[in-house]
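Below is one structure, written out as C-alpha cells; comments come after it.
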Amino acid sequence: MDNPNKEEISRGDMSPISPFTKFCLTSLPSIGNFSIRAVEEAMDIENEEEVKTEQQETAPNPCGCQRTHCLKLYCECFANNRYCIGCNCHNCHNLPSYENAREEAVKQIIERNPGAFREDFSTIQKACHCKRSNCVKKYCECYEAGKPCTALCKCEGCKNVGNQ
DNA sequence: GAGTTTGAAACT
DNA sequence: CAGTTTCAAACTC
C-alpha cells in the first residue's frame with residue numbers, strides 16, 4: 001500500500017509545515033522551556049492544528065475519511081458545512097487553508113444538487129432507500145435522524161413507522 | 001482491531 | 001433516469 005501521506009508531502013499548496021515536522025512537534029517531548037506552542041508561534045504557521053487539538057474533545061461527529069479529502073458529501077463534517085476539527089481524517093482539505101479547493105468542491109456539489117448545503121438542514125425531510133436494514137439501524141438516515149419514514153421514502157420492509 | 005454490511009453519494 | 005461503483009459509517013465477530 002502506498003503511504004497515504006505521500007501525496008500530501010509532495011503538494012505545493014499545503015501549509016508550510018511538513019507532516020514530518022508536524023509529527024516531530026506533536027510527538028516529541030518538549031525540552032525545557034522549548035514548548036511546541038513557542039515553536040509554532042515562531043514559525044508563524046496557520047493555527048488549524050492547534051485549533052484541532054484544543055477542540056478535539058468537543059468536536060461533533062468527527063469523521064474518518066480516507067480518500068475524499070473531506071470534500072465530498074460522504075464526509076459528515078463537509079456535508080454539515082463544518083471544517084474538520086478534531087477528526088481522524090487523512091489528507092483533509094476541509095480546512096481554512098484549502099478554502100479554494102473547498103469552495104470549488106462546494107460549487108460542484110451545488111451544481112448537482114442545489115439543496116445539498118441548505119442551512120435549515122433539520123427541517124429537510126429525508127427520503128431513504130433502505131433495502132436490508134428495515135430502517136431500524138443507523139444506516140437509515142430517517143432512523144438516524146429520529147424520524148419515521150414517510151411516503152417519500154423508497155425503502156423495503158420498513159419498520160421505522162414511528163410510535164403510532 | 002479486523003472484517004463485513006449497508007445505503008448515500010458519486011459516477012457512467 | 002437507471003444501473004453501477006465508491007465511500008465512510010454502522011455493525012459484527
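Both backbone and side-chain heavy atoms feed into the values below; hydrogens, waters and symmetry mates do not. Each chain gets a letter, A, B and so on, in the order its sequence line appears, and its residues count up from 1. This one's a predicted model, so the numbers in the text were calculated from it and none came from an experiment.
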Canonical and wobble pairing (Watson-Crick, G-U, under 3.5 Å) of DNA chain C, dot-bracket with |: .||||||||||||
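Not counting sequence neighbours, A:Tyr143 has no partner by the ring pair (Phe, Tyr, Trp, His ring centres under 6.0 Å) test. Listed by chain and residue number, nothing satisfies the salt bridge (Lys or Arg N to Asp or Glu O under 4.0 Å) test with A:Arg82 (two or more places apart in sequence, or in another chain).
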Using a 4.0 Å heavy-atom cut-off to protein, can you give one letter per nucleotide of nucleotides 5-12 of chain B, 5' to 3': B if the base is in contact, S if only the sugar-phosphate is, - if neither? BBSBBSS-
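Ring geometry for A:Tyr98 against A:His93 counts as parallel: the plane angle stays under 30°, on a 0 to 90° scale with 60° as the upper cut.
Heavy-atom minimum distance, A:Leu73 versus A:Phe78: N-CD2, 4.1 Å. Pairing each heavy atom of A:Asn94 with each of A:Cys70, the nearest pair is CB-O, 3.3 Å. Nearest heavy atoms, A:Cys142 versus A:Asn160: CB-ND2, 3.7 Å.
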Report, one line per pair, each donor and acceptor closer than 3.5 Å where one atom sits in a side chain of residues 128-138 of chain A; sequence neighbours left out.
{"unit_1": "A:Ser133", "atom_1": "OG", "unit_2": "A:Cys135", "atom_2": "N", "d": "3.3"}
{"unit_1": "A:Asn134", "atom_1": "ND2", "unit_2": "A:Gly157", "atom_2": "O", "d": "2.9"}

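Extent of DNA chain C lying under 4.0 Å from chain A heavy atoms, first and last nucleotide in 5' to 3' order, is C:dT6 to C:dT12.
In this structure, the side chains of A:Cys158 and A:Cys153 stay at 4.5 Å or more apart for every pair of heavy atoms.
Residues A:Tyr83 and A:Glu99 have side chains that bring a donor and an acceptor to within less than 3.5 angstrom of each other.
A continuous path of Ile, Leu, Val, Met, Phe, Trp and Tyr side chains, each step under 4.5 Å between heavy atoms, connects A:Phe117 with A:Leu71, placing both in one hydrophobic cluster.
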